[in-house]
Amino acid sequence: MNGRSLDSASLVAGLVIAALGGVLLLDGTGAVDLRFAYLAPAVTATVGAILLAIGLSRSRRA
Amino acid sequence: MDTTEQTPQTPVEPRRLTRSRERILGGVGGGLGRYFGIDPIIFRIGLVALFVFGGAGFFIYIAALLFVPMEGSSKPAVGVRLFRGDRAVLKRFGLISAVVVGSALAAVGSAWATGMGAGTIVAAVVILLGLALVALAFRGGARWLILPALAIAFPAGVVSAADVDLHGGTGERQYAPRTVSEVRDSYRLGMGHLEVDLRDVRFPAGSHPLELRLGVGQIELIVPKDVCVTTKARIGAGYVGALDRESAGADVDWSNEPASPAGVPRLVVDGDVGLGAMMITDRPLNADGGGFKPGRNGTNDACRRAEPAR
């Protein structure tokens, strides 16, 4: 163990960004047809999840 | 002997504007609210409104972040320390600037690469950055990586959703064929302004397909008045105006296909714009100023000319 604590904000951000990359990859390979109707909620959810994780980790530290 | 009691005088500190530690972002709204004795939400809404309408809110916020000290801090504001050459602040400012400038460059590069057909590579980079964030989360975190990752992911998402194809070059393209044989089946531009002026062409009766492709920008198709125009348009995000009809928004799949009478030439337009506008008009858009207005830029009367009287 290196003794460093888990940063939940980085963890959540990494997971949602990797998921967003997965969606982009599926669109790039033609498996799905990405449109703004799906992208807009996906982007909002991504930003929301990251801000929520940062806010929660900050309040936990406080 | 003087017996008058003297009450000790506590020095009154002058009211000082500071950023609040009870903050959402940088504590600017909270600090302003406390200073003026008003609910901070008023200032937060005001700053957001100024940001949306004109962008002044952004610059006011950055200026406040730099030059208003944090509540309870004995040090001067970051901006003041920066101008004084404080090494620690200079180093931090340099790192933040590098991340912001790098993210902006990455955003442009991501959009360009996706538009040029390298969307899968960009998607793979986004996945790798996400996985790197997950791995680094167990080693104390790497939040600085969030901004560049989003700066790569979001423009790629917008370009993918709009199906922007940047092949075909950039800039201003004008075509004005004079005969039917000079009219191409397809006109394409990556980014910019594409103008196709067909007013000098005398189309014979029958169907004449015309394909227009644009990644980002504006298509202006000028048609002769004696031609019946049918239009199919796919706009990722933007506007389509065809003579007396229009539509706008995101994910626009629009068509206007009036039946053309026998003996009337029919121009069958198939347009595709990623981000921007396509306008079909019977005169140049800048001829009388004011841009495109349905009905003012043509009425497609050729489609109705030979209709039987009811």
Side-chain angles (χ1 to χ4, degrees), chain A, chain B residues 21-25 27 110 113-115 117-164 234-238 249-253 274-275:
Chain A
M1 286 285 285
N2 57 22
R4 288 190 181 179
S5 60
L6 168 71
D7 181 27
S8 53
S10 294
L11 180 66
V12 171
L15 288 173
V16 293
I17 287 169
L20 193 61
V23 173
L24 293 177
L25 190 63
L26 289 173
D27 178 71
T29 55
V32 297
D33 182 18
L34 186 63
R35 313 209 78 185
F36 283 105
Y38 319 126
L39 180 72
V43 166
T44 310
T46 301
V47 173
I50 293 170
L51 289 178
L52 194 63
I54 291 172
L56 286 174
S57 68
R58 186 185 288 165
S59 64
R60 209 176 295 140
R61 278 180 197 175
Chain B
R21 290 197 182 275
E22 287 176 25
R23 58 190 181 170
I24 291 182
L25 287 174
S110 159
T114 307
T120 50
I121 296 170
V122 175
V125 170
V126 173
I127 293 172
L128 285 174
L129 287 173
L131 295 177
L133 266 164
V134 171
L136 291 169
F138 294 95
R139 301 174 64 83
R143 294 187 185 185
W144 64 270
L145 205 53
I146 296 174
L147 182 64
L150 292 178
I152 293 173
F154 288 167
V158 169
V159 170
S160 295
D163 278 337
V164 171
R234 200 209 68 79
I235 313 288
D251 301 328
V252 177
D253 273 314
L275 297 169

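Order of the sequence lines fixes the chain letters, A, B, ..., with proteins taken first and strands second; residue numbering starts at 1 for each chain.
- If you measure heavy-atom distances from A:Ile50 to chain B, the contacts under 4.5 Å come from the side chain alone.
- Neither the backbone nor the side chain of B:Ala135 comes within contact range of chain A, judged by heavy atoms closer than 4.5 Å.
- In this structure, B:Leu275 and A:Phe36 approach most closely via the heavy-atom pair CD2-CZ, 4.2 Å.
- Minimum interatomic distance between B:Ala142 and A:Ser10 (heavy atoms only, all atoms of both residues): N-OG, 3.1 Å.
- Of the atoms belonging to B:Ala162, heavy atoms from both backbone and side chain fall under 4.5 Å from chain A.
- The candidate with the highest count of non-hydrogen atom pairs below 4.5 Å against chain A, out of B:Ile152, B:Leu136, B:Leu128, B:Leu150, is B:Leu150.
- Heavy-atom contacts from other residues, nucleotides or ligands closer than 6.0 Å to CG of A:Leu26 number more than 12.
- Proximity to chain A (any heavy atom under 4.5 Å) is shown, for B:Ile146, by both the backbone and the side chain.
- We find the CG-CZ distance between A:Leu20 and B:Phe154 to be 6.0 Å, quoted to the nearest 0.5 Å.
- Nearest approach of A:Ile17 to B:Ala149, heavy atoms of both residues: CD1-CB, 3.7 Å.
- Heavy atoms closer than 4.5 Å to chain B are found in both the backbone and the side chain of A:Leu25.
- Here the side chain of A:Asp7 pairs no donor or acceptor atom with the backbone of B:Arg143 at under 3.5 angstrom.
- A:Gly14 and B:Leu133 make their closest contact through CA-CB, 3.5 Å (heavy atoms, listed as atom of the first residue, atom of the second, distance).
- Residues satisfying the salt bridge (Lys or Arg N to Asp or Glu O under 4.0 Å) test with B:Asp163, not counting sequence neighbours, are none.
- Contact of A:Ser8 with chain B is not made at all, since no heavy-atom distance falls under 4.5 Å.
- Heavy atoms closer than 4.5 Å to chain A are found nowhere in B:Val122, neither backbone nor side chain.
- Heavy-atom pairs under 4.5 Å with chain A peak, among B:Gly130, B:Ala161, B:Gly157, B:Ser160, at B:Ala161.
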